[in-house]
Amino acid sequence: MSGPATGYEPPPLRPGELARWTWRQLTSMRTALILLFMLALASIPGSVVPQEAVDSLRASQWRDKHPQLTPVYEKLGLFSVYNSIWFSAIYILLMISLVGCIVPRLLVYWRGLRRRPPAAPRHLSRMPQSRSFETDEDADAVVERARTLLRKRRFRVEVRNGAVSSERGYLREAGNLVFHLSVLIVLVGFALGGLWGFKGGVIVVTKDSFANTLSQYDDFRAGALFDPANLDPFEFTVNDFDVTFIREGREAGMAHKFAADLTYRTAPSAPERARKISVNHPLTLGGTDVFLISHGYAPHITVRNADRSIAYSGPVVFLPEDSTFRSFGVVKVPDARQRNGSTQIGLEGEFYPTYAFIKGKNGGPFSAFPDAKNPAISMIVYKGDLGLDAGAPQSVYALQKKGLQRVTSADGKPVRLDLALGRSATLPDGLGSVTFDGVSRYVKLQVSHTPGQKVALAGVVLALVGLLGSLFIRPRRIWVRARREGGRTLVEVAGLDRSAGGDLSAEIDDLAAALRPPTSPTAPPAGSAQLSSTGSTTSGESS
């Protein structure tokens with residue numbers, strides 16, 4: 001007989017076979033774990049690289065500092081990781097893999113939850129815990145009493161061939177079922193929030209108002225199925241902002257507590273109500289939550305033309321850069337006029353709540369304390385084209401300096417304005433003047449709507465319940481057999497604890513004592529089966 005031919009190649013898989021093989025690979029637990037690991041790795045750039053939707057200023061500053069890497073990062077979507085195609089692909093594949101892993105196991109757990117107690121093994125004395133004794137009582141009476149006792153102890157009981165089979169701890173399988181099902185519920189909850197929800201950020205200066213419309217948001221992210229027409233028609237005004245800073249000790253300068261006083265309406269025709277919000281205590285309006293995220297300062301700056309007319313006046317939001325609230329900001333004046341014609345002016349600099357100065361080579365201005373005890377601003381002046389007429393979007397917290405040039409004094413030195421509260425400075429070349437009028441506080445608010453939040457929370461609670469059930473519920477099996485031998489009834493009681501490290505000796509002893517009638521001898525006669533407590537690991541399901 002000749003051997004197999006060499007060079008044999010198996011035939012290629014047909015489309016149906018290839019699809020079945022692909023599905024099995026995708027829905028394997030190994031693939032699910034790999035995808036979960038990949039999702040964790042994919043989340044790292046979202047924590048390292050500034051995200052456009054979270055902090056547009058930091059993202060803009062990062063682009064300015066890394067002009068060579070910026071095009072690569074933009075192509076990879078690293079400035080918006082969680083909305084990128086590759087991150088969504090990993091998430092969707094993970095969800096499909098988990099569904100394929102979990103649904104078949106749900107059927108297995110469901111069948112295990114409904115199964116009957118296994119029949120009594122032939123040799124009960126070989127079980128890990130077993131007891132036996134003889135009695136004059138009828139075998140059927142012993143079996144019936146055993147059935148009644150085990151039912152009272154909440155065992156699932158079945159009588160077969162003169163033996164009682166019982167099992168308890170089925171809810172451990174239910175715990176596994178609930179735990180695996182909860183994973184799907186959590187995924188569905190996140191999917192609902194991601195598709196129909198939204199999250200927006202807005203900075204509101206005290207005494208100013210906000211209406212829940214798209215044009216009012218500084219940044220806005222919404223799900224693919226979100227409809228702007230479903231925005232709740234509320235509005236609110238930030239009346240005041242209270243903050244207390246720690247003044248002594250190692251934590252001096254940190255905000256001890258802060259809160260914002262709001263008046264709001266749930267609809268334009270609704271009555272006005274008052275509410276104070278703070279960290280972890282949001283304002284809930286319908287299905288929308290308003291969270292207080294952070295706070296800062298908005299200096300009031302007035303820019304006048306050469307003829308003393310006002311080109312710009314109002315509060316300007318400055319973003320904090322450190323714990324002392326040294327803040328960075330810009331002022332854009334597109335309608336400024338100088339003596340020789342129109343021009344555009346840009347101011348860029350820092351705000352110091354409590355101004356202080358260190359002399360020396362490495363010294364300079366700084367903020368000594370985060371509270372506005374001695375406010376001052378220091379700004380550089382630019383003139384030229386701000387780039388606002390090109391129609392391209394740009395950050396309100398950064399100057400586009402491509403068409404700008406620094407304003408210099410008569411001796412050719414760049415002009416820097418250092419202004420204390422209430423002071424003014426005249427710009428050279430007939431550009432007018434700048435006045436530091438006052439300081440207001442602002443609050444940064446997050447407005448979000450997450451429709452699947454309760455679904456995800458229910459999934460987490462179910463996962464905890466299922467995990468506790470699978471860890472602490474002990475599945476146990478107990479068998480009782482009674483048969484006539486030599487004119488007397490031999491009773492055998494055996495048990496199997498299927499949990500790790502379980503011990504049924506006390507429960508078997510208690511059941512054997514309850515089954516033995518008072519007239520039965522306390523010890524078996526010579527030649528009868530002995531009471532045994534073995535340590536055998538023989539399975540109770542073997543025959």
Side-chain angles (χ1 to χ4, degrees), residues 111-175 468-525 527-543:
R111 287 194 295 268
L113 189 62
R114 301 181 61 189
R115 70 172 178 265
R116 300 163 59 191
R122 180 178 301 177
H123 303 287
L124 289 179
S125 60
R126 297 178 181 177
M127 299 304 297
Q129 297 293 337
S130 64
R131 310 287 186 270
S132 63
F133 62 90
E134 291 184 351
T135 180
D136 295 327
E137 192 176 6
D138 184 70
D140 292 338
V142 174
V143 169
E144 180 61 25
R145 191 162 69 255
R147 186 186 71 83
T148 303
L149 287 172
L150 288 170
R151 278 190 177 276
K152 289 181 179 179
R153 299 182 184 188
R154 294 180 295 177
F155 279 81
R156 185 178 294 181
V157 179
E158 188 173 274
V159 178
R160 284 181 284 184
N161 302 323
V164 179
S165 301
S166 65
E167 187 170 5
R168 183 178 175 181
Y170 284 85
L171 289 180
R172 182 169 187 172
E173 299 298 331
L468 292 176
S470 62
L471 290 177
F472 295 105
I473 295 177
R474 296 169 51 201
R476 290 158 286 172
R477 292 173 179 172
I478 294 179
W479 297 275
V480 178
R481 177 183 286 126
R483 63 178 182 270
R484 299 292 290 182
E485 289 188 358
R488 304 195 71 189
T489 298
L490 174 63
V491 181
E492 294 177 291
V493 182
L496 174 66
D497 195 322
R498 300 174 61 203
S499 59
D503 185 9
L504 275 178
S505 57
E507 192 164 0
I508 296 298
D509 288 338
D510 183 55
L511 180 60
L515 290 175
R516 184 185 294 114
T519 56
S520 296
T522 56
S528 63
Q530 299 293 319
L531 284 169
S532 62
S533 176
T534 67
S536 172
T537 59
T538 304
S539 172
E541 297 184 15
S542 62
S543 59

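The figures that follow rest on heavy atoms only: side chains count, while hydrogens, waters and symmetry mates do not. Keep in mind it's a predicted model, so treat the numbers as computed, not measured.
Evaluation of the side-chain hydrogen bond (donor to acceptor under 3.5 Å, both in side chains) rule for Arg151 yields no partner, not counting sequence neighbours. Partners of Arg476 under the salt bridge (Lys or Arg N to Asp or Glu O under 4.0 Å) rule, at least two apart in sequence or in another chain, are Glu507. Applying the side chain to side chain contact (heavy atoms under 4.5 Å, CB included) rule to Ala141 yields the partners Glu137, Asp138; only residues at least two apart in sequence or on another chain are considered. Evaluation of the salt bridge (Lys or Arg N to Asp or Glu O under 4.0 Å) rule for Arg116 yields Glu158 as partners, not counting sequence neighbours. With sequence neighbours excluded, the residues satisfying salt bridge (Lys or Arg N to Asp or Glu O under 4.0 Å) with Arg483 are Glu485, Glu492. In this structure, the side-chain hydrogen bond (donor to acceptor under 3.5 Å, both in side chains) partners of Asp509, at least two apart in sequence or on a different chain, are Arg131. The side chain to side chain contact (heavy atoms under 4.5 Å, CB included) search around Ser470 returns Asn176, Leu467, not counting sequence neighbours. Applying the side chain to side chain contact (heavy atoms under 4.5 Å, CB included) criterion to Arg156, with sequence neighbours excluded, gives Pro117, Tyr170. With sequence neighbours excluded, the residues forming a side chain to side chain contact (heavy atoms under 4.5 Å, CB included) with Ile473 are Leu171, Arg172, listed by chain and number. Listed by chain and residue number, nothing satisfies the side-chain hydrogen bond (donor to acceptor under 3.5 Å, both in side chains) test with Arg168 (two or more places apart in sequence, or in another chain). When the salt bridge (Lys or Arg N to Asp or Glu O under 4.0 Å) test is applied to Arg153, the partners found at least two apart in sequence or on another chain are Asp510.
Between Arg516 and Arg145 the shortest heavy-atom distance is N-NH2, 4.5 Å. Nearest heavy-atom pair across Ala482 and Val143 is CB-CG2, 4.0 Å. What you find for Asp497 and Pro475 is that their closest heavy atoms are OD1-O, 3.6 Å. The minimum heavy-atom distance between Pro121 and Met127, with the atom names listed, is CG-SD, 4.0 Å. Minimum interatomic distance between Val164 and Ala146 (heavy atoms only, all atoms of both residues): CG2-CB, 4.2 Å. The minimum heavy-atom distance between Trp479 and Ala120, with the atom names listed, is CD1-CA, 3.3 Å.
One finds the OG1 atom of Thr148 at 4.5 Å from the CD atom of Glu144 (value rounded to the nearest 0.5 Å). Rounded to the nearest 0.5 Å, atoms CZ (Arg147) and NZ (Lys152) are 11.0 Å apart. Here Leu504 contributes atom CG and Arg477 contributes atom CZ; the two are 12.0 Å apart, rounded to the nearest 0.5 Å. One distance of note links CZ of Arg484 with OG1 of Thr489; it measures 3.5 Å at 0.5 Å rounding.
Arg481 places no side-chain N or O within 3.5 Å of a backbone atom of His123 that could act as its donor or acceptor partner. The backbone N or O of Pro118 sits less than 3.5 Å from a side-chain atom of Ser165, completing a donor-acceptor pair. For Arg474 (side chain) and Gly169 (main-chain N/O), no donor-acceptor pair under 3.5 Å exists by modelled atom type.
Proximity of Val480 to Leu149: side-chain heavy atoms (C-beta onward) are nowhere separated by under 4.5 Å. Considering only heavy atoms from C-beta on, Thr135 stays 4.5 Å or farther from Leu515 through its side chain.
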